[in-house]
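Before any comments, here is the structure.
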Amino acid sequence: TKTIAKKYSDHYLENKKILISQIEILAKKLKLKDGLVHMQYLYDSQNQDISIIELTRRAPGDWYSLPVKLSTGLDYTYWVLMGYLGGDLSNIEWHEQTGYYSRHCLMGKKNGCAMAVIIDTEIEKNIIQKYIWLSDKEVITDYINQKFGIFFLKYSSRREMIEKTTKINKLIEIKVN
């Protein structure tokens, strides 16, 4: 099992060996073969506890592979397909993060009639691609699950990324009546 890309958290580097060893134990117990593994974890800095909250063989959705490729250079989609098709995964190499990128799904804050997509000037320069499929005056019936677009963003630093993603729902939003 090889680890191929990383998304930094504040404590990733010091916990990397623990996380990889735990994933390898699970992979052995589940008799998994080579392939990509997507993992999410929480780190409790007070107790220095790590909790793996998701470990999956599926590729994450919402075009997750694009920010991975932009930030690491790893063609995540290619390697996911190689894994599913039984291809040779022996050439996967470690890719260091070289930039700060994110993706944001455009969703309503409540049910109602969507009047406009509002993009704050503070975030405009960060948008590198966007796809919006919201129609004029479309009715939002399930704001918890309905998605009306996706944005890909680039940041100049980790600090900027954290500051802006913390308030992203105020910087990019749907005005709803």
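Since the model is a prediction, treat every value here as computed from it, not as a measurement. Computed from heavy atoms alone, side chains included, the values below leave out hydrogens, waters and symmetry copies.
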Could you tell me if the side chain of [Y] sits less than 4.5 Å from the side chain of [X], heavy atoms only?
{"X": "Ile172", "Y": "Lys130", "answer": "no"}
{"X": "Trp79", "Y": "Asn91", "answer": "yes"}
{"X": "Tyr143", "Y": "Ile174", "answer": "no"}
{"X": "His104", "Y": "Asn169", "answer": "yes"}
{"X": "Ile52", "Y": "Gln22", "answer": "yes"}
{"X": "Ile140", "Y": "Lys110", "answer": "no"}
{"X": "Leu70", "Y": "Ile128", "answer": "yes"}
{"X": "Ile119", "Y": "Phe151", "answer": "yes"}

### Query
Ion pair present between Arg159 and Glu163, side-chain N to carboxylate O less than 4.0 angstrom?
yes
### Query
Got a salt bridge between Glu122 and Lys164, using NZ or NE/NH1/NH2 to carboxylate O under 4.0 Å?
no
Closest approach of [X] and [Y], non-hydrogen atoms and distance?
{"X": "Val117", "Y": "Leu134", "answer": "CG2-CD2, 3.7 Å"}
{"X": "Met107", "Y": "Ile144", "answer": "CE-O, 3.0 Å"}
{"X": "Leu171", "Y": "Ile123", "answer": "O-CG2, 3.7 Å"}

### Query
Short question: side chain of Ser157, backbone of Glu160 - any donor-acceptor pair under 3.5 Å?
yes
### Message
Could you check whether any side-chain N or O of Thr98 sits under 3.5 Å from a backbone N or O of Ser71, counting only pairs where one atom can act as donor and the other as acceptor?
### Response
yes
### Message
Checking Lys69 against Tyr76 for the side-chain contact (heavy atoms from CB on, under 4.5 Å) test, could you report, in this order, the C-alpha distance in whole Å, the side-chain angles of both residues, the deciding distance, and whether it holds?
### Response
CA-CA 6 Å; Lys69 186 173 184 177; Tyr76 191 83; 5.7 Å; no
### Query
Honestly curious: do Phe148 and Met115 fall in one hydrophobic cluster under the side-chain, below-4.5 Å linking rule?
no
### Message
To the nearest 0.5 Å, what is the distance between CD on Gln146 and CG on Leu106?
### Response
11.0 Å
### Message
Let me confirm one number: the CG-OG distance from Leu153 to Ser102, rounded to the nearest 0.5 Å.
### Response
4.5 Å
### Message
Please determine whether side-chain contact (heavy atoms from CB on, under 4.5 Å) holds for the pair Ile92 and Met82, giving the CA-CA distance in whole Å, both sets of side-chain angles, and the decisive distance to 0.1 Å.
### Response
CA-CA 11 Å; Ile92 297 176; Met82 289 297 287; over 6 Å; no
### Query
Parallel, tilted or perpendicular: which describes the rings of Trp63 and Tyr131, with under 30° parallel and over 60° perpendicular?
perpendicular
### Message
For Lys125, I'd like to know if atom NZ has over 12 heavy atoms of other residues, nucleotides or ligands within 6.0 Å.
### Response
yes
